[in-house]
Number of protein chains: 2
Amino acid sequence: MKPDPHHSTAACGRVGDLLAKIGSKWTVIVVRALRDRPMRFSELKRAIQDISQKMLTSTLRDLERDGFVTRTVTPTIPPRVDYCLTDLGKDLLVPLDALGDWAVANQHRVDAARARATEAA
Amino acid sequence: MKPDPHHSTAACGRVGDLLAKIGSKWTVIVVRALRDRPMRFSELKRAIQDISQKMLTSTLRDLERDGFVTRTVTPTIPPRVDYCLTDLGKDLLVPLDALGDWAVANQHRVDAARARATEAA
DNA sequence: CTGCATCCATAACGATACTG
DNA sequence: CAGTATCGTTATGGATGCAG
């Protein structure tokens with residue numbers, strides 16, 4: 001039998017922390033947006049569309065702080081800033097994609113359950 | 001070349017929605033707490049410790065609504081309510097564990113990045 | 001172009017008290 | 001035991017305006 005480290009309170013706490021972070025609604029979107037190429041701030045802003053500039057900025061700062069993206073400033077005029085996934089960021093993409101795939105694949109099941117719950121009420 | 005559905009805005013949106021849901025900090029903890037056996041309300045409360053009763057209740061209601069857990073009432077005195085993962089809930093555990101494992105395995109890398117960021121400031 | 005600061009609305013959360 | 005109701009606090013997200 002495995003040691004099964006998932007059961008420990010400590011492990012659960014860490015999972016909670018990380019999920020709280022990536023669950024901040026925009027983190028995942030941004031990381032996934034950067035999946036195959038670096039992007040400039042305004043590119044991201046345009047790509048994500050309904051993110052406010054404030055949220056994009058703070059999301060990127062958090063991601064940078066946690067080592068998921070790099071921020072490269074080119075001090076031209078006008079200034080240019082590129083964001084790129086680090087190795088850690090690319091690593092994170094793996095379990096993130098698994099979860100993302102699951103979400104896409106099972107969304108209908110959740111929808112069905114919610115529909116049932118709603119009409120039952 | 002694949003259609004690569006992950007890039008679409010729609011897919012990202014759904015991922016965001018679902019992550020926002022499971023990222024609500026307690027959802028994951030509760031789902032993982034139920035991983036191998038059904039538990040009563042008070043068992044969960046005791047197992048999770050620093051969750052407030054209100055949060056546990058509303059988290060469970062959300063999970064039930066979305067079809068991740070079942071709620072079984074035994075109308076004895078005192079009343080007894082058991083919560084159990086559905087098949088959908090158990091399915092969710094798979095990508096969730098992947099992410100959890102990643103979190104545990106890479107926590108130190110994130111910590112290191114944060115430490116670097118902090119002292120750089 | 002990039003990003004910070006400010007203000008504001010809302011939602012999340014927690015503590016407490018009370019009901020079946 | 002399980003759950004609802006209420007209140008107050010904090011966190012989150014958006015809009016706008018300003019600055020390098």
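Letters go in sequence order (proteins before strands), and every chain restarts at 1.
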**Student:** Mind calculating the distance between CE (A/Met39) and C1' (C/dT2) to the nearest angstrom?
**Tutor:** 15 Å
**Student:** So, taking the atom named CZ in B/Arg61 and the one named CG in B/Asp66, what distance separates them when rounded to the nearest 0.5 Å?
**Tutor:** 13.0 Å
**Student:** Has B/Arg40 got a side-chain N or O lying under 4.0 Å from the OP1 or OP2 atom of D/dA2?
**Tutor:** yes
**Student:** Apply salt bridge (charged side-chain N to carboxylate O under 4.0 Å, His left out) to B/Asp82 and list each qualifying residue two or more places apart in sequence or on a separate chain.
**Tutor:** B/Arg80
**Student:** If every non-hydrogen atom of B/Leu93 is compared with every non-hydrogen atom of B/Arg35, which pair is closest and at what distance?
**Tutor:** CD2-CB, 3.8 Å
**Student:** Quick one: closest heavy-atom pair of A/Met39 and A/Ala33, and the distance?
**Tutor:** SD-O, 3.6 Å
**Student:** Report yes if at least one side-chain N or O of B/Tyr83 is closer than 4.0 Å to OP1 or OP2 of D/dC1; otherwise report no.
**Tutor:** no
**Student:** Would you give the length of the straight line joining atom CZ of B/Arg109 to atom CG of A/Leu92, rounded to the nearest 0.5 angstrom?
**Tutor:** 10.0 Å
**Student:** Using a strict heavy-atom distance below 4.0 Å, which residues from residues 74-81 of chain A are in contact with DNA chain C?
**Tutor:** A/Pro78, A/Pro79, A/Val81
**Student:** Who passes side chain to side chain donor-acceptor pair (under 3.5 Å) against B/Thr59, sequence neighbours left out?
**Tutor:** none
**Student:** List the atom of B/Arg32, the atom of B/Leu96, and the distance in Å for their closest heavy-atom pair.
**Tutor:** NH1-O, 3.6 Å
**Student:** Give me the residues of residues 53-73 of chain B where at least one heavy atom lies under 4.0 Å from an atom of DNA chain D, by number, or none.
**Tutor:** B/Gln53, B/Lys54, B/Thr57, B/Arg61, B/Arg71
**Student:** D/dA2 C1' sits how many Å from B/Ile51 CD1, rounded?
**Tutor:** 14 Å
**Student:** Using whole Å, what does the distance between atom P of nucleotide D/dA2 and atom CD1 of B/Ile48 come to?
**Tutor:** 14 Å
**Student:** Going from CD on A/Glu119 to CZ on A/Arg114, what distance comes out if it is rounded to the nearest 0.5 angstrom?
**Tutor:** 14.5 Å
**Student:** With side chains defined as the heavy atoms from C-beta onward, is the minimum distance between A/Phe41 and A/Gln53 less than 4.5 Å?
**Tutor:** yes
**Student:** Is the side chain of A/Thr86 donor-acceptor paired with the backbone N or O of A/Leu88 at a distance under 3.5 Å, no angle test?
**Tutor:** yes
**Student:** Given that both pair distances must be under 3.5 Å and the pair must be Watson-Crick or G-U, what runs of three or more consecutive pairs involve DNA chain C?
**Tutor:** C:1-20 with D:1-20
**Student:** Using whole Å, what does the distance between atom C1' of nucleotide D/dA15 and atom NZ of A/Lys45 come to?
**Tutor:** 11 Å
**Student:** Return the set of residues passing salt bridge (charged side-chain N to carboxylate O under 4.0 Å, His left out) with A/Arg40 (not counting sequence neighbours), or none when no residue passes.
**Tutor:** none
